[in-house]
Amino acid sequence: MAGGVWGRGRDGPVGSLTLTALAEGIRASQGQPVGPSSTGPQTDPQELGPEPEPYIQTLTPAFEAQPGNEVVAPTAGSEIYSPHNAQEPAPERPYQASQYSWEEGTLADLALYTAACLEEAGYAGTQATALTLSSALEARGQRLEDQVHGLVRGLLAQVPSLAEGRPRRAALRVLSALALEHAQDVVCALLPSSLPPDRAASELWRSLSRNQRVNGQVLVQLLWALKGVAAPESEALAATRALGEMLAVSGCVGATRGFYPHLLLALVTQLHELAQGAHSPDSPKVWEPSHRGPPHSHASCTVEALKALLTGDGGRMVVTCMEQAGGWRRLVGAHTHLEGVLLLASAMVAHADHHLRGLFADLLPRLRSANNPQRLTAMAFFTGLLQSQSTARLLREEVILERLRTWQGDPEPTVRWLGLLGLGNLAMNRGKIRHVNMLLPVLLRALGEGDVRLVGAALGALRRLLLQPGAPVRLLSSELRPRLPPLLDDARDSVRASAVGLLGTLVRRGQRGLRLGLRGPLRKLVLQSLVPLLLRLHDSSQDAAESSEWTLARCDQALRWGLLEEMVTVAHYDSPEALSRVCHRLVQRYPSHVQYFLSQTQGYLRSPQDTLRRAATVLIGFLVYHTRPKGISQDLLDSLFQDLGQLQGDPESAVSSAAHVSAQQVALLARAQVQTHSPNLFRFIRRHHSYPPRPHPLYDDSPFLRRSLAGRWSCLEPH
């Protein structure tokens, strides 16, 4: 481009006085008074240095267009215009030529020419450039917005062809000068080029981000474009991509001071809308065949913008926690977005608490928004932020509780689920235990919900309530006794695991009363749940099996059974010998409950899980073997014998073989009980003739996979 405006073919440098002369010439051509503009920036002549030579101030009224749409510097034969003779009437010919220039010349040429001036004008030249551009745009007599759009389009077309270094930097300073006065128009002009991604547009966004004088204004305009209700969907997506470009520049996040929470919530809400398919992410309509490669996911761009916003503000640990917990993946999921919001809120409570108050204040009006994604996202954030005691104190406890209780009456299960999670987070804070009379009825009622999320949230909230000092263990034991045992056998894996864990927590908190031998509701609940816990050691769900092992260990510690080693062996190696010792201890400790234990175990003989059917069969065999005659009713023995006989035809060979052994034990016990009811003569004979003891049941090794400790801790098996 030698010889053009970006080369060194000009007679001399172009300074701010030249730009001022150009502006005054434009105003004079319109018949306006010449002088400093009342609206434009003022330039002190002393700051501009010595006045250039007269030939430097020479301007051509019309730009000479060269091939390739290149603009050249003014020629030596042009008319001379000086600020000293600005009051004189303008000659007719220059005025006509100037008018012709503004009407026929392109705005892209004007942008390039002004950028050439900026190349050597410095800071003072920047001020003069803003005045020049404003005057030039007004001279067209058209809407200012349209003229700014034309200038930005010109820069988009010309910047990629400019050489790196001062020429390109000078052109980018033109954009900053425009944005300083017309940020909204510049943003509106650049947004159409941001979707699909445009390399030149990305460079212009980054240049605006680096300018500390304009980046805050541009970010505010992008925020309004992102959250505008009347804005088209494509504009919101383009604003998201532009935000990602700007926030990725180091130091730009500092310009968000004052609206950081607003921007954060807008980006997270945008992810919710994308997850619901409202914006049809990755739509082929926005990706033209001329572009190479697949389109970038709109959701991924929003996530990157969110990461840049958090990282630039010192929240790198928040980003790391989200990555480790799979929070970003959940945020973009259609059914897991709110879980991602909850993880983000938890991470911010732990590592970015300086924004919590602002977030909490911005959330409150959104909780009643008519926009469903905005309202649900705000509810999830509100729920997560209740984990912070300082944030929860911003509202009175009664107000928060009443709001969460109101959510329980919402017909949408998601709202009720968030309300239960909020109650659980509120229960974590010290001092909230006095509201147990308000919390407990809501949580207990949720245990009967059909939605797995609601039941899981209620169980989690009850567990957190138990962990608080002064938790009402006896009251909870009484209330949970009729409600908890059915959940131990729930068809949903997560519900079973959570219910078993809640029982373990309850035993742990009430172990003092259990050790004293108090026959309260907790002791009855433990004995009522003992058989399900033993059988759930073989649950197909790993979480339920491990939770059962943990709860049995708490029961062993509280009731002093001395069976911890045996229970661990049964859990991980399915050892019949260890199970036999467990049954022997239970029969000795609770002889009056043996019949109840057998009745409970009988129900598992029809389980769809092969592991549970076999475990129940073996448990019946050992309980019957260690039971003395007269300890079980004949009706129960007959029923057990019949069910075990049916299991001998089970398609699973391990179940059928175990049923054969257990049926023999039931038959031997039934015969022994008949002998105890025989007439006196037979009892006299029995005293003098010892009958052989019942043989110990022998079961084959279980063919099912055992939960070894190596597998539990993801260790490699020795070769």
Side-chain angles (χ1 to χ4, degrees), residues 194-195 197 202 205-206 209 215 218-227 236-276 278-279 281-282 296-334 336-356 358-360 362-363 366 373-374 376-382 384-385:
S194 301
L195 192 70
S202 299
W205 287 121
R206 290 193 295 269
S209 180
N215 56 7
V218 174
L219 287 172
V220 169
Q221 296 300 327
L222 288 175
L223 173 60
W224 286 114
L226 175 63
K227 60 175 294 189
L237 295 174
T240 303
R241 292 180 178 272
L243 282 169
E245 293 287 350
M246 292 192 66
L247 295 175
V249 176
S250 177
C252 180
V253 177
T256 63
R257 181 176 299 176
F259 59 93
Y260 182 98
H262 221 62
L263 181 57
L264 179 70
L265 291 174
L267 288 172
V268 178
T269 304
Q270 173 81 354
L271 283 175
H272 194 175
E273 294 173 348
L274 290 172
Q276 287 187 338
H279 294 305
D282 299 334
H296 295 288
S297 168
H298 298 319
S300 66
C301 290
T302 308
V303 168
E304 291 304 318
L306 194 54
K307 288 182 179 180
L309 181 65
L310 292 167
T311 304
D313 192 55
R316 180 60 194 169
M317 281 302 299
V318 177
V319 178
T320 302
C321 290
M322 288 288 287
E323 291 174 350
Q324 293 176 348
W328 302 119
R329 175 176 51 81
R330 286 184 169 88
L331 269 178
V332 300
T336 59
H337 170 78
L338 296 179
E339 297 176 10
V341 175
L342 292 169
L343 287 173
L344 178 60
S346 299
M348 294 190 70
V349 167
H351 304 290
D353 57 350
H354 55 291
H355 283 303
L356 299 186
L359 272 173
F360 200 80
D362 279 356
L363 286 173
R366 294 169 177 252
Q374 187 179 88
L376 291 178
T377 300
M379 285 180 170
F381 253 118
F382 181 86
L385 294 184

- Task: State, yes or no, whether a side-chain contact exists between Leu243 and Leu263 at a heavy-atom distance under 4.5 Å.
- Result: yes
- Message: A side-chain contact here means heavy atoms from C-beta on lying under 4.5 Å apart; do Val332 and Leu274 qualify?
- Response: no
- Query: Where do Met348 and Val318 come nearest, in terms of heavy atoms and distance?
  - Reply: CG-CG1, 4.1 Å
- Task: Using the side chain to side chain donor-acceptor pair (under 3.5 Å) rule, collect all pairs that involve residues 247-259, keeping only residues at least two apart or in two chains.
- Result: none
- Those residues at least two apart in sequence (or on a different chain) that pass salt bridge (charged side-chain N to carboxylate O under 4.0 Å, His left out) with Arg366 are none
- Query: Got a donor-acceptor contact below 3.5 angstrom from the His337 side chain to the Leu331 backbone?
  - Reply: yes
- Task: List for me each residue that meets ring-ring contact (aromatic ring centres under 6.0 Å, His included) alongside Phe382, sequence neighbours excluded, and say none if there are none.
- Result: Phe360, Trp407
- Query: Where is the tightest heavy-atom contact between His351 and Cys321, given as atom of each residue plus distance?
  - Reply: NE2-SG, 3.4 Å
- Message: Can you give me the closest heavy-atom contact between Val253 and Ala308, atom names plus distance?
- Response: CG2-O, 3.7 Å
- Tell me, do Leu247 and Thr311 make a side-chain contact under 4.5 Å, heavy atoms counted? no
- Partners passing salt bridge (charged side-chain N to carboxylate O under 4.0 Å, His left out) against Arg316 (at least two apart in sequence or in another chain): none
- Do the side chains of Met379 and Leu338 get nearer than 4.5 Å, heavy atoms only? no
- Message: If I compare all heavy atoms of Met246 with all of Trp205, which pair ends up nearest, and what's the gap?
- Response: CG-O, 3.6 Å
- All ring-ring contact (aromatic ring centres under 6.0 Å, His included) counterparts of His262, not counting sequence neighbours: none
- Task: Specify the closest pair of heavy atoms between Arg241 and Ser194, including all atoms of both residues, with the distance to one decimal.
- Result: CD-O, 3.3 Å
- If every non-hydrogen atom of Arg329 is compared with every non-hydrogen atom of Thr336, which pair is closest and at what distance? O-OG1, 4.2 Å
- Task: Determine which pairs satisfy salt bridge (Lys or Arg N to Asp or Glu O under 4.0 Å) with at least one residue from residues 338-350, sequence neighbours left out, and list them in order.
- Result: Arg330-Glu339
- Would you mind reporting whether His298 and Glu273 have side-chain heavy atoms less than 4.5 Å apart? no
